[in-house]
Protein chains: 2
Amino acid sequence: MPKPITRTYSRYTLNALALMGNQIREGRIAANFTADALAQRAGISRSLLQRIEKGDPGCTIGAVFEVAAILGIPLFEADSKILTTRLAYSNEKQALLPKAVRPSGRAVKDDF
Amino acid sequence: MPKPITRTYSRYTLNALALMGNQIREGRIAANFTADALAQRAGISRSLLQRIEKGDPGCTIGAVFEVAAILGIPLFEADSKILTTRLAYSNEKQALLPKAVRPSGRAVKDDF
DNA sequence: ATCTTATGGGTTATTAATGAGTCATTTTAT
DNA sequence: ATAAAATGACTCATTAATAACCCATAAGAT
């Protein structure tokens, strides 16, 4: 049905977004890319790239990560190979985790 | 005017998104949060959280980062304090950078 | 200085993301 | 085994994100 209008973000989130935007801008300038050129290469519009560099929380994460990837900015401090390895390990780990969570009014057994 | 329909993502981007989704799911289970509970806490819907945990590139980055922040998953491998420091440093750096780019030859870096 | 162009900041039409709901299935506890 | 609840996987209406413009200004080169 209807939707909430505004959304709030923690300072931590906003700072992380601002930092990512800065890194992208720095990377773009270092690579001597024009805003138009980089946007075109990433398959997005210049106006979106502007918002990304500004750290706008409303940008889709796929667009942001793709731009970062093009500029060679490491996500999770990992290059392609390490990322793949970590993902595989993470997937195995998932299989061992419980599939559903029981919200604990009684998480801990205190009947002793 | 009209807009492109589909969007393509590099493998690196998709892997990074999948890893982030996994980390969020692991964090949620570790914190003994139900999907509903975590979504409510982050101010998003359960269906969106499901997509986030799946690594959907179409989610807004603010929503994803906010969930990560709630679970204590470090962005940029940095806690709040370090993040703030790094952002401040990054901002100073920005001031020294050229404001506009003059496209010279081409500097591409798409080998990730 | 002039000229060229990249950028910032808007506006608008359209597409896509989101919230809310439902239902079936799975999971966990009893 | 049974029950209760969490999850997965869809819909659909509405809102928000995006692309494509626009113009004004600032930045860089000559």
Side-chain angles (χ1 to χ4, degrees), chain A residues 1-9 17 21-22 24-26 28-67 94-109 111, chain B residues 1-9 17 21-22 24-26 28-67 94-106:
Chain A
M1 298 180 121
K3 274 192 315 180
I5 328 116
T6 42
R7 208 170 237 179
T8 95
Y9 302 98
L17 287 171
N22 277 1
I24 286 176
R25 170 173 261 261
E26 289 173 17
R28 174 175 70 81
I29 294 176
N32 213 258
F33 269 127
T34 218
D36 261 315
L38 177 56
Q40 201 166 354
R41 185 165 243 278
I44 65 176
S45 62
R46 184 173 69 94
S47 49
L48 177 54
L49 178 59
Q50 277 184 136
R51 285 171 46 210
I52 290 175
E53 291 188 350
K54 231 189 284 185
D56 191 320
C59 306
T60 56
I61 196 172
V64 179
F65 277 22
E66 190 66 21
V67 171
Q94 290 276 351
L96 303 177
L97 258 38
K99 311 299 179 187
V101 169
R102 229 53 178 182
S104 61
R106 285 260 163 262
V108 198
K109 297 197 171 185
D111 54 307
Chain B
M1 306 196 123
K3 273 195 315 182
I5 327 115
T6 41
R7 207 170 240 176
T8 92
Y9 301 97
L17 287 171
N22 277 2
I24 286 176
R25 169 172 261 261
E26 290 173 16
R28 174 175 69 82
I29 294 176
N32 212 259
F33 270 128
T34 225
D36 261 315
L38 178 57
Q40 203 166 355
R41 191 163 228 280
I44 65 174
S45 62
R46 184 173 70 98
S47 50
L48 177 54
L49 178 59
Q50 277 184 136
R51 287 171 44 210
I52 290 175
E53 290 188 351
K54 232 190 280 183
D56 190 321
C59 306
T60 55
I61 196 172
V64 180
F65 277 23
E66 190 64 23
V67 171
Q94 290 278 350
L96 304 178
L97 258 39
K99 311 299 181 184
V101 169
R102 228 58 186 187
S104 53
R106 62 177 115 285

Exercise for review: Answer with yes or no whether R51(B) presents, from its side chain, a donor or acceptor under 3.5 Å of a partner atom in the base of dG8(D).
Suggested key: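 Per atom types, no contact qualifies.
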
Exercise for review: Could you tell me whether the side chain of R7(B) has a donor or acceptor atom within less than 3.5 Å of a complementary atom in the base of dT18(D)?
Suggested key: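 No pair found.
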
**Study point:** Electrostatic pair E66(A):R7(B) at N-O distance under 4.0 angstrom
**Key:**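 Looking at R7(B) together with E66(A), the answer is no, because their closest N to O distance does not fall below 4.0 Å.
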
Respond yes when some side-chain nitrogen or oxygen of [X] is under 4.0 Å from OP1 or OP2 of [N], and no when none is.
X      : N       : answer
T34(A) : dT5(C)  : no
K54(A) : dG9(C)  : yes
T60(B) : dA16(D) : no

Identify which nucleotide among [options] has an atom closest to any side-chain atom of [X], counting heavy atoms from C-beta outward.
X      : options                   : result
R25(A) : dA6(D), dG8(C), dA17(C)   : dG8(C)
A35(B) : dT7(C), dA19(D), dT7(D)   : dT7(D)
C59(A) : dT5(C), dA20(D), dT18(D)  : dT18(D)
S47(B) : dA20(C), dG28(D), dA17(C) : dA20(C)

Point to revise | Earlier contact from the 5' end, DNA chain D, for P57(A) and R102(B) | key: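 The residue closer to the strand's 5' end, by nearest nucleotide, is P57(A).
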
Check your understanding: Relative to the 5' end of DNA chain D, which residue comes earlier, A100(B) or G58(A), by the nucleotide with the nearest heavy atom?
Key ->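 Nearest nucleotide further toward 5': that of G58(A).
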
Would you indicate whether the side-chain heavy atoms of [Y] and [X] approach each other to under 4.5 Å?
X      : Y      : answer
R28(A) : L49(A) : yes
V64(B) : L17(B) : no
C59(B) : L48(B) : yes

Rounded to whole angstrom units, what separation is found between the [atom1] atom of [X] and the [atom2] atom of [N]?
X      : N       : atom1 : atom2 : result
L38(A) : dA6(C)  : CG    : C1'   : 14 Å
L48(A) : dT15(C) : CG    : P     : 17 Å
L97(B) : dA6(C)  : CG    : P     : 17 Å
Q50(A) : dG10(C) : CD    : C1'   : 10 Å
I52(A) : dT7(C)  : CD1   : C1'   : 16 Å
K99(B) : dA29(D) : NZ    : P     : 15 Å
R46(A) : dT7(C)  : CZ    : P     : 7 Å
R28(A) : dT7(C)  : CZ    : C1'   : 8 Å

Check your understanding: Closest nucleotide of DNA chain C for I61(B) versus for V101(B): which of these residues is on the 5' side?
Key ->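 Its nucleotide being nearer the 5' end, the pick is V101(B).
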
Check your understanding: Start at the 5' end of DNA chain C and walk down; is the nucleotide closest to I29(A) or to D56(B) reached first?
Key ->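 Final value for this comparison: I29(A).
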
Check your understanding: CG of L97(B) to CD of E26(A): how many Å apart, nearest 0.5 Å?
Key ->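 That separation rounds to 6.0 Å.
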
Practice item. Supply the atom-to-atom distance L38(A) CG to I24(A) CD1, rounded to the nearest 0.5 angstrom. Key: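 Interatomic distance, L38(A) CG to I24(A) CD1, rounded to 0.5 Å: 8.0 Å.
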
